[in-house]
Amino acid sequence: MGNPISGERSAACARISKFYNRAAWIDGRAEEQLEQVAGWPGMTAVAGFPDLHPGRFGPVGAAFLADRIWPQLVGPDIGCGMALFRLDLPRRRLKLDKAARRLAVLEDGADLHQALAALDAAGLTGLIGPEALGTIGGGNHFCEVQVVGEVMDHTRTDLQKDDLCLLVHSGSRGRGAGIFQGLDDSWKQGFAAESDAAARYLALHDAATRWARVNRALIASSASEALGSEARLICDTVHNHVVPHSDSWLHRKGAACPEGGLVPLAGSREAPSYLLEVPDTVSEALGSVSHGAGRKYDRSSMHGRIRKTRSDLAALTHTRFGGRVICGDRDLLLEEAGQAYKDPEQVLQNLEGFGIANAVARLLPLVTFKTMGGAA
DNA sequence: ATGTTC
């Protein structure tokens, strides 16, 4: 593996670099999307990562460099990302069922005073309100208590085996979706970088991205307080955004932007997550890396893959690691089952094989909090 | 993804 597998399909098509090999599980429709987007006007480089899977407006698990701004390549959940924290709590003091019950406070969101103070500290007062701040949301979002199973690289972390961590995956909730839906039709051809439309979008996008980061911090704060602990940030990495990059615009869709050279790779409730270090030495990767295992099966097909008897559904709330899953929404419970996701070990193997990431620590899921309610 | 989707 050494170099990314790249191909130039036509003069008008951006260079496509694929950071996965034949051993990776890649849906053919996602590759078609990758190739389609590479042909969009002004597209200069595209990178596909091993968590690649089909999305609504384009593939997820990819980064796109263009001379203009394409809001659909960021998608509705502007600023969505993953934040990893170390919990100041010995593993022996974590009782899974008790912890699972206590995490129900996440349903309420952040305390209003705390939310307003956090928004103010982020310079968002007057730009964006506190509503829904501190809530996880739906879909693939979660707040998960994890235990360090192994540290592979002690030079990049002070985490130790058996330390507890918190991995928070959430975004800008209704904010990003509102910004995206509020755009007029001109976005379909992309926004010229110097246009007023681009400036308006970017101002809203940047505020939503900062709000999402505050959201993840407040989720971690509520969760750690509920567990009688404190959370110390290790890294917070955005995977849906557009930012300036070498005189162009870099769009990340389900592709993580490392922070301090680190990024969490989310596995699933039935598989390990990883803390990765990203050397950023392969320019074709566009400063990006996989954000997780990536979906293997889409949501609707999961309804046909898992039986919906009471015992089958109950089995989904306990994992092979002895972990707990809190998800009162039955549809979401099976749509997000571990088997809906690719094998993160395989994703990691590809990332390491192409030299774009190295495992620092392996993290095992203990309590995956999704939502209390929504049961049909 | 979504103060949601009859």
Side-chain angles (χ1 to χ4, degrees), chain A residues 30 33 37 51-64 70-83 106-112 115-116 119 128-143 167-183 187-188 201 204-216 218-219 236-242 251-257 266 268 291-295 297-303 327-336 340-341 369-376:
Chain A
Q33 288 185 328
V37 173
D51 51 342
L52 192 79
H53 58 281
R56 171 103 189 264
F57 300 101
V60 183
F64 311 91
W70 295 95
Q72 61 270 59
L73 292 182
V74 176
D77 196 2
I78 300 166
C80 186
M82 306 238 187
L106 291 171
E107 208 76 359
D108 305 331
D111 167 79
L112 182 60
L116 290 172
L119 286 182
I128 190 162
E131 296 79 16
L133 204 49
T135 61
I136 295 170
N140 54 3
H141 292 172
F142 60 81
C143 174
L167 180 60
V168 177
H169 180 193
S170 189
S172 52
R173 306 290 280 105
R175 302 310 194 285
I179 293 163
F180 188 54
Q181 285 160 7
L183 297 172
W187 63 268
K188 289 175 182 167
Y201 173 75
L204 295 167
H205 163 287
D206 292 353
T209 300
R210 279 186 286 158
W211 191 96
R213 189 181 168 89
V214 172
N215 193 36
R216 291 187 287 274
L218 289 179
I219 290 167
D236 182 321
T237 60
V238 182
H239 55 239
N240 291 347
H241 70 175
V242 55
H251 307 71
R252 292 187 172 94
K253 177 62 180 172
C257 175
S268 75
H291 74 317
R295 246 185 195 286
Y297 302 122
D298 64 41
R299 287 172 194 289
S300 58
S301 81
M302 286 308 295
H303 287 269
C327 184
D329 180 330
R330 288 182 187 182
D331 288 338
L332 194 55
L333 182 63
L334 65 91
E335 288 166 4
E336 291 291 315
Y341 286 87
F369 188 91
K370 299 285 286 182
T371 177
M372 295 299 291

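Only a predicted model underlies this, so the values are computations on that prediction, with no experimental measurement involved. No hydrogens, no waters, no symmetry mates; every other heavy atom, side chains included, goes into these values.
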Base, sugar-phosphate, or nothing for [X], non-hydrogen atoms under 4.0 angstrom?
{"X": "A:G174", "answer": "sugar-phosphate"}
{"X": "A:G171", "answer": "nothing"}
{"X": "A:G138", "answer": "sugar-phosphate"}

Send over the distance from [X] [atom1] to [N] [atom2], rounded to a whole Å.
{"X": "A:H141", "N": "B:dG3", "atom1": "NE2", "atom2": "P", "answer": "11 Å"}
{"X": "A:L332", "N": "B:dT4", "atom1": "CG", "atom2": "P", "answer": "17 Å"}
{"X": "A:E335", "N": "B:dA1", "atom1": "CD", "atom2": "P", "answer": "10 Å"}
{"X": "A:R175", "N": "B:dG3", "atom1": "CZ", "atom2": "P", "answer": "8 Å"}
{"X": "A:H53", "N": "B:dA1", "atom1": "NE2", "atom2": "C1'", "answer": "12 Å"}
{"X": "A:H303", "N": "B:dT5", "atom1": "NE2", "atom2": "P", "answer": "16 Å"}
{"X": "A:W211", "N": "B:dG3", "atom1": "CH2", "atom2": "P", "answer": "8 Å"}
{"X": "A:F142", "N": "B:dA1", "atom1": "CZ", "atom2": "C1'", "answer": "15 Å"}

| field | Inter-residue atom distance A:L204.CG - A:L183.CG, 0.5 Å rounding | value |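 Result: 8.5 Å between the selected atoms.
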
Give a yes/no on whether any side-chain N or O of [X] is located under 4.0 angstrom from OP1 or OP2 of [N].
{"X": "A:R173", "N": "B:dG3", "answer": "yes"}
{"X": "A:N240", "N": "B:dA1", "answer": "no"}
{"X": "A:R56", "N": "B:dT2", "answer": "no"}

List the atom of [X], the atom of [Y], and the distance in Å for their closest heavy-atom pair.
{"X": "A:R295", "Y": "A:A340", "answer": "NH1-CB, 3.4 Å"}
{"X": "A:G134", "Y": "A:L218", "answer": "CA-CB, 4.2 Å"}
{"X": "A:P59", "Y": "A:A30", "answer": "CB-O, 3.8 Å"}

| request: I would like to know whether A:R252 and A:H241 meet side-chain hydrogen bond (donor to acceptor under 3.5 Å, both in side chains); could you show each step before the answer? | output: CA-CA 5 Å; A:R252 292 187 172 94; A:H241 70 175; 2.8 Å; yes

